[in-house]
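One structure is given below, encoded as structure tokens.
Letters A, B, ... are given to chains in the order of the sequence lines, protein chains preceding strands, and every chain is numbered from 1. Note: hydrogens, waters and symmetry copies are ignored here, and every other heavy atom, side chains too, is used.
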There are 2 protein chains.
Amino acid sequence: MTREDAPARRRDADATKAALLAAATTLFAERGFEQTTVRDIAAHAKVNQALLFRYFGSKDALFQATLATSSRQMIAETPPEKLVARTLALMLAPDAPKADASPFYAVLRSSSHEQAASAVRQDIGADYARVLASLTDEPNADIRADLVLAWLLGIGLLRSVVNKQPLADADPAVISDCVLKAVAVLLERSAQHVYAD
Amino acid sequence: MTREDAPARRRDADATKAALLAAATTLFAERGFEQTTVRDIAAHAKVNQALLFRYFGSKDALFQATLATSSRQMIAETPPEKLVARTLALMLAPDAPKADASPFYAVLRSSSHEQAASAVRQDIGADYARVLASLTDEPNADIRADLVLAWLLGIGLLRSVVNKQPLADADPAVISDCVLKAVAVLLERSAQHVYAD
DNA sequence: CAGCGTTGTAAGCAAGCGCTTACAACGCTG
DNA sequence: CAGCGTTGTAAGCGCTTGCTTACAACGCTG
């Protein structure tokens, strides 16, 4: 974002902010909001914890900042008919919480937290649902879209949070295959597209 | 459970235990484990909070006790081919968290908590998956079963925890219809059975 | 190089948490 | 009715939490 010319200044507010944001993103995805303390985040970022409050104001605001840096761009970059397949691939990848799917997992592990819920309601989730609903001509397209979104969330929950076997160690390809076939029934018109990829 | 003959004794350990268990079940389902304090539970049960520790030992043990009193009996009482439909009906009913589906929601709102996760892994979830897997002859029956379970969890999450529209206010019949059709594809052999009810 | 805003540090505060303790009130048993 | 285990109560302990404060070190600007 900001200019990255000078090689590691000793006093660098932007670098500190970025380190805090990165540490928070990782830890929120791994443990959820409540189980992550500001001391954890500061330690992980190798930064004094008072700076967290100087630069972000509160733990809540930092959480919101991590959610804002969401995987929204994937929705914009992915053709609608491949969204489910792409998202599944992302979510099912090993160490997904540490990678690009981290906002997903942050939300799953903090679902009771109001800001996480509203992120799903209004931001990330709403974007997904909008795109998914455009894939079908069936009545109740928007409800069907929500059901697909619910499935994606549930799979992440059961596989990576709860760690239920055999799902936790199942081959992503097998999961994708099953899910996409069933989703094709839900979003009928575009069966052949969704199934592709 | 215990004899219920005497009309409201003034000092009644069993009644106190039951009141605590009921209050805990309700509150854990409504707010999750972390957001519920022992003081909340004691107040809701109209009982001194020290008694919670006398009778249950710890907040964790009380949580486990609420999960043990699970809706396991429904699995035993329901014919396998109607399990998905029955569970959906239960989960989609208004005020589901306050009713018989409460362990479901306690788990959803406390998914990061290890005991909640292990309840899904080993107890409630394992029972569900076992029955669901018996419904199909497809390869990977157990993975398909987990995927159905994941869907149920995801729907509860998105509808009642996150409160996403339009799913949150959608007609249970519409949801059931969509889900059962898609589940029939996943668990193929018994399409006609699953779709029934 | 004096002055000053910016960045980093150390210490601690108030509040809430799970849990414990010390004690009082009750009611069955001898 | 004396004795005693059971049930209920009030108070608070020790710890962790999010957050604040007071201060030191740095480095740009005049």
Output one line per pair: protein atom, nucleotide atom from nucleotides 13-19 of chain C, and distance, for all N/O pairs under 3.5 Å.
residue : atom : partner : partner atom : Å
C:dG18  : OP1  : B:K59   : NZ           : 2.8
C:dG18  : OP2  : B:V38   : N            : 3.1
C:dG18  : N7   : B:R39   : NH1          : 3.0
C:dG18  : O6   : B:R39   : NH2          : 3.1
C:dC19  : OP2  : B:K59   : N            : 2.7
C:dC19  : N4   : B:Q49   : OE1          : 3.0
C:dC19  : N4   : B:Q49   : NE2          : 2.8

Name the pairs: protein N/O against N/O of nucleotides 2-7 of chain D, kept only if under 3.5 Å.
residue : atom : partner : partner atom : Å
D:dT6   : O2   : B:R11   : NH2          : 2.2
D:dT7   : O4'  : B:R11   : NH2          : 3.0
D:dT7   : O2   : B:R11   : NH1          : 3.0

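Residues that satisfy the side chain to side chain contact (heavy atoms under 4.5 Å, CB included) test with A:E138, not counting sequence neighbours, are A:T136, A:R144, A:E188. Checked against side chain to side chain contact (heavy atoms under 4.5 Å, CB included), B:A168 has the following partners two or more places apart in sequence or in another chain: B:N163, B:Q165.
A salt bridge does not link B:R130 with B:D142: every distance from a Lys NZ or Arg NE/NH1/NH2 to an Asp or Glu carboxylate oxygen is 4.0 Å or more.
In this structure, CG of B:N48 is placed 6 Å from C1' of D:dG8, rounded to the nearest angstrom. In this structure, the CZ atom of A:R31 is 11 Å from the P atom of D:dT17, given to the nearest Å. A straight line from CG of A:L20 to P of C:dT9 spans 11 Å, rounded to a whole angstrom.
For residues 110-126 of chain A, the side-chain hydrogen bond (donor to acceptor under 3.5 Å, both in side chains) pairs, not counting sequence neighbours, are A:D60-A:H113, A:Q64-A:Q115, A:E114-A:R121.
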Its dot-bracket string being built from Watson-Crick and G-U pairs below 3.5 Å, with | for another strand and [ ] for crossing, DNA chain D has the pattern ||||||||||||||||||||||||||||||
Decide side-chain contact (heavy atoms from CB on, under 4.5 Å) for B:N140 and A:C178; before the verdict, give the C-alpha distance in whole Å, the side-chain angles of both, and the deciding distance to 0.1 Å.
CA-CA 9 Å; B:N140 304 314; A:C178 292; 5.5 Å; no
What's the verdict on side-chain contact (heavy atoms from CB on, under 4.5 Å) for B:Y128 and B:T87, showing C-alpha distance, side-chain angles and the deciding distance?
CA-CA 10 Å; B:Y128 263 86; B:T87 305; 3.0 Å; yes
Test side-chain contact (heavy atoms from CB on, under 4.5 Å) on A:M91 and A:F104; report intermediate values, then the result.
CA-CA 8 Å; A:M91 273 185 33; A:F104 237 97; 3.6 Å; yes
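By the 6.0 Å and 45° rule, B:K59 stacks over the aromatic ring of B:F33.
A:T25 OG1 to A:F63 CZ: the interatomic distance, rounded to the nearest 0.5 Å, is 10.0 Å.
Looking at B:S134, its side chain does come within 3.5 Å of a backbone N or O of B:V131 through a donor-acceptor pair.
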